[in-house]
Amino acid sequence: STYQHGMVDNGNFAVGHINPSELLHVKGPSANIRLEGSPSSNVQFQLYDGGASVGTLESDTGDGSLRLKGGSIRSLTIKMSTFTSTQMVM
């Protein structure tokens, strides 16, 4: 396959597209984004607004959980396990 990528004059960057409408525009039959750390390291996706941290999505390799943090004390933790049902209720 041949994928297109590049930056346009407005600073937007595209993967699989030639005319990005956002700062990062990923387009493809399976537009997955992969963040991979070294073994036994937690991976973080950090969100900022005007230079201030507003949230973090992180993995915890110690207990296998996925944590969504917002601000200094608010967080939601989802522990990964084997489910016998096809539904997860929160």
Side-chain angles (χ1 to χ4, degrees):
S1 302
T2 301
Y3 283 95
Q4 299 168 334
H5 64 277
M7 187 178 292
V8 295
D9 292 341
N10 64 4
N12 291 352
F13 187 80
V15 177
H17 199 281
I18 59 172
N19 190 20
S21 60
E22 300 294 335
L23 185 59
L24 175 61
H25 188 149
V26 179
K27 181 178 181 181
S30 179
N32 298 325
I33 297 173
R34 181 175 177 160
L35 301 173
E36 184 174 346
S38 58
S40 301
S41 67
N42 296 348
V43 176
Q44 292 187 344
F45 182 76
Q46 300 175 350
L47 305 169
Y48 286 81
D49 183 13
S53 176
V54 294
T56 303
L57 177 62
E58 71 178 10
S59 67
D60 186 332
T61 57
D63 66 3
S65 65
L66 185 62
R67 191 169 291 113
L68 177 61
K69 295 180 179 179
S72 60
I73 59 171
R74 298 175 308 226
S75 69
L76 170 66
T77 301
I78 301 170
K79 293 206 176 193
M80 303 301 175
S81 64
T82 304
F83 291 97
T84 56
S85 174
T86 57
Q87 296 183 22
M88 185 172 86
V89 178
M90 297 175 63

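Source: prediction; values computed, not measured. Any value given below was found using the heavy atoms of this structure, including those in side chains, with hydrogens, waters and symmetry copies removed.
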Distance-minimising heavy-atom pair for T61 and N42: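 Looking at all heavy atoms of both residues, the shortest contact is N-OD1, 3.0 Å.
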Sole residue of L57, L68, V54 in side-chain contact (heavy atoms from CB on, under 4.5 Å) with L47: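 By the side-chain contact (heavy atoms from CB on, under 4.5 Å) criterion, L47 pairs with just one of L57, L68, V54: V54.
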Partner set under side-chain contact (heavy atoms from CB on, under 4.5 Å) for N12, not counting sequence neighbours: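 V8, N10, P20, L23.
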Residues that E58 engages under side-chain contact (heavy atoms from CB on, under 4.5 Å), provided they are two or more places apart: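 Once residues adjacent in sequence are excluded, the partners of E58 under the side-chain contact (heavy atoms from CB on, under 4.5 Å) criterion are Q44, T56, R67, K69.
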Set of side-chain hydrogen bond (donor to acceptor under 3.5 Å, both in side chains) partners for N19, sequence neighbours left out: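 For N19, no residue satisfies side-chain hydrogen bond (donor to acceptor under 3.5 Å, both in side chains) once neighbours in sequence are set aside.
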